[in-house]
There are 2 protein chains.
Amino acid sequence: MAGQRERARQAYIADITAEARRQLARDGAAGLSLRSVARELGMVSSAVYRYVASRDELLTLLIVEAYGDLADAVEAAIGGDDDGRVHWRSACASVRAWAVAHPHEYALLYGSPVPGYSAPQDTIGPATRLYAALVEPVRHRRGRRRPSTVTSPVLEADAERVAAALGFDVGAPVLLAALGAIASLFGLVSFELFGHTNNVITDHDAFFALRVEALADELGL
Amino acid sequence: MAGQRERARQAYIADITAEARRQLARDGAAGLSLRSVARELGMVSSAVYRYVASRDELLTLLIVEAYGDLADAVEAAIGGDDDGRVHWRSACASVRAWAVAHPHEYALLYGSPVPGYSAPQDTIGPATRLYAALVEPVRHRRGRRRPSTVTSPVLEADAERVAAALGFDVGAPVLLAALGAIASLFGLVSFELFGHTNNVITDHDAFFALRVEALADELGL
DNA sequence: CCACAGGCGAGAGCACTGCTCTTGAAATGT
DNA sequence: ACATTTCAAGAGCAGTGCTCTCGCCTGTGG
């Protein structure tokens, strides 16, 4: 039955995070204040502490939501297609589109880590979903190119553990190449979003497309 | 002669940024407060506003210093060698080593952009030095692999403008590949430093080395 | 060499933040 | 009907960025 008090409590938390998310989208993480969230919700600042332990915890809630949101976007983008390269293109494009549409949320996820945040258990769910979707394309690779072999046994073990967790039967070299490509993808998006290519690249669309193809080449898609 | 008042002024600014840098290295950008800098320097908080207009400007000074520091490290790393691949390895390793040694400075440069910061003119000097050093290895490429051709004329113009500014005679495709590899490099370092590979990679050294080689392959080094 | 404008440090103060504690009311479960 | 728990509210503490005013004092221009 979930006790109606507990339900009211969850509703309050939902209201709080919703308002917090609005402020995050508008002013960025630095401009998010518990007091102004309370003000906007018509309560006094101390009341909101009944529902959220601290500002950092509120940010953590937003991080979890944002991960889920991004994972949703990527999963929706790689719909029915089973061509690895098309998969990869869609996935990359959806990450970039989401980042451009939600710059502050993106910065929260992939910018400087928030001080009091330590990747709680709630985060690894959506995060796993996201990276699973991004790694998915290599399932359909045509294997045109052999990735370099892995020389470190512990790294190979890492890769095999991850592959097993995702239910993938590609080898360690391919999976590590995919993880590397994902890091490259987020590096590319971060460079664009955080302004590191200002005065360098003006046609961001074309540069992004070019790099996505290059990464697809490396992955043998 | 530079007026002894002006010299004293510069010395004060140097003291302030030095103390600010100490606090940045210890507590991170979020924990840097103008008041505590003033306290540590034995002055009252309003006095420091004579030398630094705002907290954001102080952070900007730190950003410029950090860029210079990182550029120094990379330039020192790619010493006399003229083998492109060795160059690239040293450059990548020096970026990663600097990032690990100065995580908060790295986060300041490549994490979420600080709100009131707009890449002032002072930044582009050290930043250009840094990226010039990182692009340098492709000068000595053996050209084993042809990068994909560029289809966007404006992107090609971007690349040629940058190449001209750096005095490079490599073609647009190679320069764009190099810029992409740089973005990949920082994506990789950020992933490691910001904890996105926690519970995934344990042998960060090996993973980094693997990716550096893959990028070198793509660059034809 | 000297007057003085300008740079200077100090202090008070404003508006804001995160967070804690107490108090009294209201809802709850027995 | 009652005891317990949950709650909103308010006051309050310590800290922040930043502004303004007030004298002092010193380097600089005449």
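Letters go in sequence order (proteins before strands), and every chain restarts at 1. These numbers come from the heavy atoms of this one structure, side chains and all, not from hydrogens, waters or symmetry mates.
Residues A/Glu19 and A/Val48 fail the side-chain proximity criterion, which asks for heavy atoms closer than 4.5 Å.
Residue A/Tyr51 qualifies as enclosed at atom OH: its count of foreign heavy atoms under 6.0 Å is above 12.
For the residue pair B/Ala73 and B/Trp98, the shortest heavy atom distance occurs at CB-CD1, 4.1 Å. Looking at every heavy atom in both residues, B/Ala77 comes nearest to B/Ser90 through O-CB, 3.6 Å.
Atoms CZ (B/Arg7) and C1' (D/dG27) sit 12 Å apart, rounded to a whole Å. Rounded to an integer number of Å, the gap from B/Leu41 CG to C/dC8 P is 15 Å. Atom pair B/Arg9:CZ and D/dG27:C1' shows a separation of 15 Å (rounding to whole Å applied). Atom CE in A/Met43 sits about 15 Å away from atom P in C/dG18, given to the nearest Å.
The residues B/Glu40 and B/Arg22 are annotated as not salt-bridged, no charged nitrogen and carboxylate oxygen being separated by less than 4.0 angstrom.
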Review point. Could you write nucleotides 17-24 of chain D as a row of B, S and -, 5' to 3', where a protein heavy atom under 4.0 Å of any base atom gives B, of only sugar-phosphate atoms gives S, and otherwise -?
Key: BBBB----
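Contacts of residues 10-29 of chain B with DNA chain D (heavy atom under 4.0 Å): none.
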Short N/O separations, protein against nucleotides 24-28 of chain C, under 3.5 angstrom:
residue, atom, partner, partner atom, Å
C/dT28, O4', A/Arg5, NH1, 3.3

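Each of A/Gln23, A/Arg55, A/Arg21 was checked for a side chain to side chain contact (heavy atoms under 4.5 Å, CB included) with A/Val37, and the lone residue meeting it is A/Gln23.
Looking at A/Asp158, its side chain does come within 3.5 Å of a backbone N or O of B/Asp203 through a donor-acceptor pair.
Aromatic rings from B/Tyr131 and A/His196 are positioned such that their centres are separated by 6.0 Å or more.
Here B/Arg39 does not reach the OP1 or OP2 of D/dG15: none of its side-chain N or O atoms lies under 4.0 Å away.
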